[in-house]
Amino acid sequence: MIKIISFKICPFVQRVTGLLEAKNIPYDIEFISLKDKPAWFLDIAPTGQVPVLVTESGEALFESDAIVEYIEEITAPLEQGVTPEQRAKDRAWSYQASKHYLVQCTSMRSGDEATLLERTAKLGKAFDKAEKVLAEGPYFKGEQLSNVDIAWLPLLHRAAIIEQKSGYDFLAGYPKVKAWQAAVLATGLAEKSVPADFVERFSDFYLAEETQLGKKMRGIDNTASCEPSKASCCA
């Protein structure tokens, strides 16, 4: 059985586990602390980042894009009959999601309203692109769940938690994306692809008292707060 080395709230990991769950591929998972990375992990992870996938033969693979491609090569596709041109377009739209994971992370850790709004606008560029191409749905490409939906799952899932907990909507003004978000979350893949205590761990970090979103959740208005200490959501 393959094994995933993970940090509990990493969106890059969720993209990988989301794909495995969508394909019903069994896997083991081991969580590590990024503040105290074990020596054995550093020995197999050249970048010191998660996710790492350990194959059944014991090979350690790193970088989420490479891991996703490996999973695609050893398992049946979610969609049948996808042309090379369409696969290239799917990879491009998936990249539009993954390159904004850290943008969303820093947005959620904003320490004041001005920073939050500035970073929300930057994150919104990704949602704006999706809004312009989404059609009838319910998924990105239509009625069939695809790799593109899985790549966007971490962004859509985290936006839903933030809205539920704090009332702040990263997707405000994007009605097609909101409908797409609802359809993707309705699959249950969001909950299946994260640990049982994900919402708690996520909230402890992104809705902490020093973040602007945390203040919104607690009903505190303090625009003079300092930027919280920066920490990558994965590495």
Taking it one step at a time, do Y168 and T120 satisfy side-chain hydrogen bond (donor to acceptor under 3.5 Å, both in side chains)?
CA-CA 10 Å; Y168 190 82; T120 296; 2.8 Å; yes
For the residue pair L19 and I150, what are the closest heavy atoms and their distance?
N-CG2, 3.5 Å
Close aromatic pair by centroid cut-off 6.0 Å: Y101 and F12:
yes
Hey, what's the ring geometry for W93 with F140, parallel, tilted or perpendicular (30° and 60° as the breaks)?
tilted
Apply the test side-chain contact (heavy atoms from CB on, under 4.5 Å) to residues T47 and E63: give CA-CA distance (whole Å), side-chain angles for both, the deciding distance (0.1 Å), then the verdict.
CA-CA 8 Å; T47 63; E63 293 293 346; 3.7 Å; yes
Should the pair E72-K23 be classified as a salt bridge under the 4.0 Å nitrogen-to-oxygen rule?
yes
Under the criterion side-chain contact (heavy atoms from CB on, under 4.5 Å), I'd like the reasoning laid out for E113 against K216: C-alpha separation, chi angles, the key distance, then a yes or no.
CA-CA 10 Å; E113 187 72 9; K216 288 181 181 296; 3.0 Å; yes
Looking at every non-hydrogen atom in both residues, tell me the closest pair between F7 and V13 and how far apart they are.
N-CG2, 4.2 Å
Closest non-hydrogen atom pair between A159 and Q104, with its separation:
N-NE2, 3.8 Å
Over all heavy atoms of both residues, which pair between P138 and E143 is shortest? Give the atoms and the distance, please.
CD-CA, 3.9 Å
Taking V177's backbone N and O only, do any of them form a donor-acceptor pair with E131's side chain (distance below 3.5 Å, no angle check)?
yes
side-chain contact (heavy atoms from CB on, under 4.5 Å) between D149 and T187, intermediate numbers included:
CA-CA 11 Å; D149 300 296; T187 64; over 6 Å; no
Start with the C-alpha distance between L123 and F170, add both sets of side-chain angles, then the distance that settles side-chain contact (heavy atoms from CB on, under 4.5 Å), and finish with yes or no.
CA-CA 8 Å; L123 177 60; F170 282 110; 3.7 Å; yes
Below 30° counts as parallel, above 60° as perpendicular, anything between as tilted: where do the rings of Y206 and F202 land?
tilted
Distance-minimising heavy-atom pair for L213 and S166:
O-CB, 3.7 Å
What are the two closest heavy atoms between K192 and E21, and how far apart are they?
O-OE2, 3.3 Å
Does atom NZ (K176) have a neighbourhood of more than 12 heavy atoms from anything else shown, all under 6.0 Å?
yes
Do F198 and H157 have ring centroids that are under 6.0 Å from one another?
yes
Before accepting this row, confirm whether a basic side-chain N of the pair D65/R15 lies closer than 4.0 Å to the acidic partner's carboxylate O.
yes
